[in-house]
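Working notes for the structure below.
Lettering of chains follows the sequences in order, A, B, ..., and the numbering in each one begins at 1.
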Amino acid sequence: MTTIRTRFAPSPTGYLHVGGARTALFNWLYARHTGGRFILRIEDTDQVRSTEQSVQAIFDALQWLEIDWDEGPFYQSQRLPIYNNYIDRLVTEGHAYYCTCTPEQIEAMREKARATGAKPRYDGTCREKGLAPSPDAVVRFKAPLDGGSTVVRDVVKGDIVFANEELDDFVLRRTDGMPTYNFAAVVDDVTMTITTVIRGDDHVMNTPKQILLYQALGAPLPTFAHVPMVLGNDRTRLSKRHGATSVTAYRDMGLLPDAFINFLARLGWSFGDQEFFKRAELIEKFSLERVGKSAGVFDPVKLNALNADHIQAATPLQLVPHVRPFLQAQGWDASDDAYLQGVIHTLQARSKTLQEMALQAHFYYAADLALDAQAAQKFLTATVLEPLKYLKEQLAALPSFNEKELETVFVQLMEKFQLKLGKIAQPVRVALTGTTVSPGIFEIMAVLGKQRVLERLDRAIEYIGKR
RNA sequence: GGUCCCAUCGUCUAACGGUUAGGACACUGGCCUCUCACGCCAGUAACAGGGGUUCGAAUCCCCUUGGGAUCACCA
């Protein structure tokens with residue numbers, strides 16, 4: 001049994017988008033599942049569109065997703081000698097040839113073909129000329145002229161047959177000396193001994209060309225797995241119009257990386273009825289056989305729901321490093337880990353995103369908490385003045401501040417003033433949080449601690465006295 | 001337009017010839033309850049259409065329709 005070797009080969013022409021992330025994920029999962037190797041390769045042969053920042057953006061996104069690679073990153077721009085070697089070999093063996101037709105001539109060819117209703121393709125002008133290398137010559141592949149066909153054996157799509165006459169003599173190396181995508185990808189996959197090519201199904205039309213190249217090179221074919229596209233809500237290719245497509249944008253919105261990969265995995269892949277997967281579970285259960293064939297719509301609502309599940313399933317300790325940046329972005333000093341864990345514990349079940357959690361944590365960190373005018377007006381009334389004063393006294397006398405004891409104090413208070421919990425809870429909530437919506441008041445008090453609670457009760461009592 | 005792929009609730013999907021077509025998100029109702037959530041229970045909702053094959057089709061075949069991908073010296 002040979003070791004499985006997969007690769008993710010993005011072109012650095014922008015940030016890593018959702019579809020690319022899923023391709024990377026599937027390759028990574030498959031390699032991890034099979035105990036194979038996952039290779040990262042940067043396809044930067046497009047000199048004008050490739051940028052340094054894009055490479056960095058891809059690294060950042062993969063790092064956030066915790067998708068690590070075993071080999072690379074390899075840069076195609078640094079492998080020119082290798083491609084040139086194979087070009088020479090292909091030319092001497094008669095599989096490729098130099099061509100000096102200009103782009104204008106090619107365009108004219110296509111125009112003519114279109115006019116007569118034929119397929120726009122290279123007409124083979126230089127095919128048999130036996131031209132020598134020159135600065136303005138490209139190298140073209142000699143596509144087979146036999147009326148044969150090339151079949152792509154795809155693990156997710158099944159066998160796909162292409163008539164060879166659909167192919168033309170495509171360019172392998174440009175006049176600037178750079179290899180083209182199909183050629184560089186094949187040479188790399190051959191030399192890196194990639195066993196399994198997993199990529200978006202927008203690449204199926206390239207595959208017969210690549211198979212022909214494998215054959216010309218005398219190299220064994222890898223297994224192909226073309227995974228379906230990710231669509232926007234209008235069933236067209238996902239783009240900016242549909243909202244964020246950059247992976248790191250989801251990080252910044254407060255998604256957990258494990259939730260994001262869970263969502264991405266379930267978009268196109270399934271394991272019975274199971275929706276929730278921890279990372280290790282994904283690795284354990286992933287298989288190419290269970291990848292579906294049809295394109296799926298990216299649903300941010302479901303992504304958030306799954307994120308909420310992952311937030312709930314995590315421990316406060318695990319969430320600390322993920323939540324802290326969002327708190328800091330709000331301007332809070334979130335350096336106290338123990339306090340933060342308490343905060344997280346009370347907010348976990350109420351937050352779909354880390355961003356939401358940070359917003360809801362406002363009252364835990366605001367030094368000079370403002371009371372919502374409407375809430376104060378409605379709940380901080382004269383009738384609760386005495387109960388609040390009593391509460392403050394009782395709490396001040398409490399040796400420790402835990403939920404059980406706090407509850408006991410409230411039971412006594414309710415009895416003494418003949419109040420239902422519903423009548424006193426909201427005023428207390430407003431006093432402590434400034435609003436009418438929050439976690440349970442006992443848990444809040446336990447986290448806030450005696451000092452803050454007493455201060456805030458004081459301020460509420462003061463407020464009532466002034467109205 | 002040529003070539004190629006795809007087709008189950010609004011969305012993600014299960015089903016691998018025999019099920020009252022299941023689950024999840026969303027939505028609606030109820031329960032729980034100190035607010036909001038969480039949780040629990042219940043409900044609405046799908047096999048694109050037409051032909052075959054078969055005792056029996058969501059499942060296999062063909063056609064139609066609809067959607068998508070791709071047709072570069074981009075990747």
Side-chain angles (χ1 to χ4, degrees), chain A residues 9-13 43-46 48-50 76 99 101-103 106-107 110 114 117-122 137-140 152 154 156-158 160-163 165-168 170-182 184-185 199-208 226 228-229 231 233 235-237 263 266-276 290 292-306 308-309 312 346-352 360 375 379 407 410 420-430 433 435-442:
Chain A
S11 61
T13 54
E43 308 220 324
D44 56 351
T45 54
D46 185 336
V48 287
R49 294 204 303 153
S50 298
Q76 290 190 323
C99 165
C101 294
T102 64
I106 306 290
E107 191 43 46
R110 277 198 264 270
R114 268 192 282 267
K119 298 177 180 82
R121 64 215 304 263
Y122 180 65
V138 299
V139 175
R140 286 183 184 275
V152 178
D154 192 288
V156 347
K157 304 265 183 194
I160 307 170
V161 182
F162 293 89
E165 60 185 333
E166 294 295 327
L167 275 33
D168 71 347
F170 54 94
V171 172
L172 301 180
R173 189 175 67 192
R174 304 186 259 254
T175 46
D176 67 359
M178 280 292 185
T180 56
Y181 164 73
N182 282 119
R199 74 222 314 191
D201 74 8
D202 49 335
H203 282 286
V204 297
M205 302 305 266
N206 287 320
T207 312
H226 288 97
M229 302 266 83
L231 274 24
N233 54 9
R235 305 213 70 101
T236 63
R237 198 193 194 113
F263 176 75
R266 276 293 284 103
L267 185 55
W269 171 83
S270 63
F271 191 81
D273 279 348
Q274 191 173 344
E275 299 282 349
F276 184 93
R290 302 202 60 96
K293 327 167 88 145
S294 52
V297 174
F298 182 92
D299 179 3
V301 176
K302 184 152 185 172
L303 170 58
N304 274 351
L306 198 51
D309 289 346
Q312 270 209 83
T346 67
L347 261 20
Q348 263 179 296
R350 300 162 224 272
S351 313
K352 286 198 187 306
Q360 293 184 87
F379 292 105
E407 203 166 343
F410 271 77
K420 290 201 166 190
L421 183 55
K423 283 292 172 195
I424 191 64
Q426 280 304 75
V428 171
R429 171 168 286 111
V430 173
T433 72
T435 69
T436 56
V437 175
S438 82
I441 53 175
F442 304 135

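Checking the phosphate oxygens (OP1, OP2) of C6(B), a side-chain nitrogen or oxygen of K293(A) falls inside 4.0 Å. Contact annotation: S270(A) side-chain N/O to A14(B) OP1/OP2 distance is under 4.0 Å. Between R266(A) and G23(B) there is no side-chain polar atom (N or O) within less than 4.0 angstrom of OP1 or OP2.
Not counting sequence neighbours, the partners of F276(A) by the ring pair (Phe, Tyr, Trp, His ring centres under 6.0 Å) test are H310(A).
Checking C5(B), A69(B), A24(B) against every side-chain atom of K302(A), the shortest atom distance belongs to A24(B).
Donor-acceptor pairing under 3.5 Å, judged by distance alone, is present between the side chain of R350(A) and the base of C36(B). One cannot find a donor-acceptor pair under 3.5 Å joining the base of A26(B) and the side-chain atoms of D299(A). Contact annotation: side chain of T175(A) to base of C73(B), donor-acceptor pair present below 3.5 Å.
Across all strands shown, A42(B) forms a Watson-Crick or G-U wobble pair with U28(B), both key distances being under 3.5 Å.
Residues R199(A) and T207(A) have side chains that bring a donor and an acceptor to within less than 3.5 angstrom of each other. No hydrogens or angles considered: nothing links the side chains of Q426(A) and T436(A) as a donor-acceptor pair under 3.5 Å.
Distance check on atom P: G2(B) versus A58(B) gives 33 Å, rounded to whole Å. Nucleotides U59(B) and U3(B) have their C1' atoms positioned 28 Å apart, rounded to a whole Å. Using atom C1' as the reference point in both G49(B) and A7(B), the two lie 12 Å apart (nearest Å). Of the P atoms belonging to U19(B) and A57(B), the separation is 10 Å, rounded to the nearest Å. Only the P atoms considered, A42(B) is 13 Å distant from G22(B), to the nearest whole Å. Separating the P atom of A75(B) from that of U70(B) is a span of 15 Å, rounded to the nearest Å.
Under a 3.5 Å cut-off, the side chain of T180(A) and the backbone N or O of V171(A) do form a donor-acceptor pair.
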